[in-house]
Amino acid sequence: MPELPEVETTVRGLRPVLEGQRLTAVEPRRPDLRRPIPPDLRRRLTGATVTTLSRRAKYGLIETDRGDTLIFHLGMSGRWRIDPEDIGKHDHLLIDTAAGRRLALADPRRFGSLDLMATAAVGAFPPFVALGPEPLGPHFTAAHLARAFEGRAAPVKPLLLDQRIVAGLGNIYVCEALHMARIDPARPAGTIPRARLAKLVEAVRTVLEAAIAAGGSTLRDYARPDGELGYFSKQFLVYGREGEACACGAPVLRRVDGGRSTFYCARCQPPKRRVA
DNA sequence: CCGACAACCTGACGGC
DNA sequence: TGCCGTCAGGTTGTCG
C-alpha cells in the first residue's frame, strides 16, 4: 500500500497510540529488513517517551524525548498492526506502550527499513539529503517542475517517480495524476508547457488529498484484527484497470516501461504530435 | 548524464 | 489439489 497517502494515513493512525506514550518494550525480531536494523535500537528507545510523529516523503518519523528519531519505511508490503491478537513471522518489530497498547511492524517482503537518527541530525539521513519538495507543500509548483524538466527528453512518468524531483509519489498516484492532468505518460518531460505543468501540480495535490481523505475514513478499520485494507482502490481512474473503460469510454491501456506498469487512456492522454 | 534492467523477498493469483 | 509462471505500492546499484 505504501505511497505517500498510505504513509500519511499510517502516521495518523499511530499518533493516538504513541504520542505522549512511554515505550516499555521495543523488540526487533530480526537483525535486518532491506538494510540492518540499528543494533542499539532497543536500548535507545526502551523507556523513552514519544513526543512527535510525522512524515517525510514515504518515511514515517517517530521522535522521542531522548533526542532520537525512529525512521521507518514500509517498502512494498509494510504495515503497522495495532494491538495484534497474535504475532506472525512477518512481524519484525514490536513496540509496547505504558498504556498497554502494542504495535507490530509487519513486512513480508522486507523491502522496508528501520533507522535511528539523532533528531538534530535527521536532515542528514542519507535518503533525505537529495529529496525534492513535498507534493503537498508550498515548494511543489509549476515553476519547480519546469526547472526540473528543463531540457529533459525522458518521459515524464519516470521523472515523477524520481524522489529528487518530488518526494513521495509512487506508481499508482503518478498514473492517476497524469490521467487527471491529461498528459501522455510517455511525453518528453521538457516539452510540457508551463500551463500544463500547473495542471499536473494541481492533479497531484488533488489525487493525494483524496487518497488521504479516503485512507482517513478507513482509519477505524486500521485497528481491526483482520486488518484488511479496502482503501481507495475503488477510486482509481486508470491504475490496475487495464481493459476496462475509462470515464470517456475508451479502454484503459497498460504499458511497461522501466519494469513498471503504466496505466493510461490514449484518448484522454493523447500523444503530442510535432505537426498539428 | 541517461536509461534500461536486475536484485532484494514473499505472497497472491491465474492457468493448466 | 497442486505446481508453475507472473505480478506487485519501492529503492538502489550496475551496465552500456
Side-chain angles (χ1 to χ4, degrees), chain A residues 1-11 29-37 55-60 71-81 88-93 105-115 125-132 135 147-179 185-191 204 207-208 210-212 214-215 218 226-243 254-263:
Chain A
M1 315 118 260
E3 294 186 35
L4 183 153
E6 290 73 23
V7 180
E8 180 64 32
T9 298
T10 294
V11 166
R29 305 187 71 244
R30 55 172 300 126
D32 59 348
L33 293 175
R34 179 164 182 66
R35 47 176 179 266
I37 295 172
R55 177 193 59 74
R56 175 76 175 108
K58 297 172 192 168
Y59 292 84
I71 305 175
F72 65 85
H73 192 291
L74 297 175
M76 296 273 264
S77 59
R79 102 186 151 89
W80 287 94
R81 303 200 296 142
K89 61 173 175 173
H90 298 309
D91 292 315
H92 306 311
L93 179 72
L105 176 64
D107 185 1
R109 291 179 73 180
R110 305 205 302 273
F111 283 7
S113 60
L114 285 168
D115 294 280
F125 179 52
F128 287 179
V129 171
L131 225 44
R147 224 174 302 127
F149 291 171
E150 187 176 4
R152 304 286 303 260
V156 60
K157 192 218 170 194
L159 293 195
L160 288 173
L161 290 172
D162 185 338
Q163 304 294 298
R164 295 168 300 185
I165 292 178
V166 51
L169 297 187
N171 204 33
I172 291 176
Y173 297 108
V174 163
C175 290
E176 294 295 309
L178 286 170
H179 178 263
R187 181 161 180 174
T191 69
V204 166
V207 162
L208 294 181
I212 291 171
T218 62
D226 63 317
E228 245 350 274
L229 321 158
Y231 273 107
F232 15 73
S233 50
K234 293 183 198 82
Q235 295 182 28
F236 295 160
L237 298 175
V238 286
Y239 187 84
R241 311 189 82 96
E242 181 184 15
R254 182 172 85 104
R255 180 202 309 142
V256 176
D257 27 42
R260 313 294 304 274
S261 286
T262 302
F263 297 90

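Lettering follows sequence order; numbering is per chain, from 1.
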May I ask you to say what S113(A) touches in the nucleic acid, namely base, sugar-phosphate or nothing, with a heavy-atom cut-off under 4.0 Å? nothing

When every non-hydrogen atom of G112(A) is compared with those of D107(A), the smallest separation belongs to N-OD2, 2.9 Å

Have a look at D91(A) and tell me which of R110(A), R29(A), R81(A) forms a salt bridge (charged side-chain N to carboxylate O under 4.0 Å, His left out) with it. R81(A)

According to a cutoff of under 5.5 Å between the ring centres and under 30° between the ring planes, does F111(A) stack with the base of dC9(B)? no

Give the rounded distance in Å between these two atoms: CZ of F125(A) and P of dT12(C). 9 Å

Quick check on dT11(C): is either OP1 or OP2 less than 4.0 Å from any side-chain nitrogen or oxygen of Q163(A)? yes

R260(A) has its side chain closest, among dG9(C), dC2(B), dA8(C), to dG9(C)

Winner on side-chain proximity to Y239(A), out of dG11(B), dT11(C), dG9(C), is dG9(C)

State which of dC9(B), dC2(B), dG10(C) makes the closest approach to the side chain of A154(A). dC2(B)

Are the side chain of K58(A) and the backbone N or O of P5(A) linked by a donor-acceptor pair below 3.5 Å? no

Mind checking G170(A) for me? I need base, sugar-phosphate or nothing, with any heavy atom below 4.0 Å counting as a touch. sugar-phosphate

Any N/O donor-acceptor pair, R109(A) side-chain to dC9(B) base, under 3.5 Å: yes

Are R34(A) and dT12(C) close enough that a side-chain N or O sits under 4.0 Å from OP1 or OP2? no

Paired with dC9(B): which nucleotide, if any, by Watson-Crick or G-U wobble criteria at under 3.5 Å for both distances? none

Steps toward side-chain contact (heavy atoms from CB on, under 4.5 Å) verdict (F236(A), F263(A)): CA-CA 10 Å; F236(A) 295 160; F263(A) 297 90; over 6 Å; no

Checking contacts here: which listed nucleotide (dA7(B), dG11(B), dG9(C)) is nearest the side-chain heavy atoms of K89(A)? dG11(B)

Answer for the Watson-Crick or wobble partner of dG16(C), both distances under 3.5 Å, is dC2(B)

Would you indicate which nucleotide in dA8(C), dG9(C), dG11(B) comes nearest to any side-chain atom of R254(A)? dA8(C)

Could you state the CZ-P distance from R110(A) to dA7(B), rounded to the nearest angstrom? 18 Å

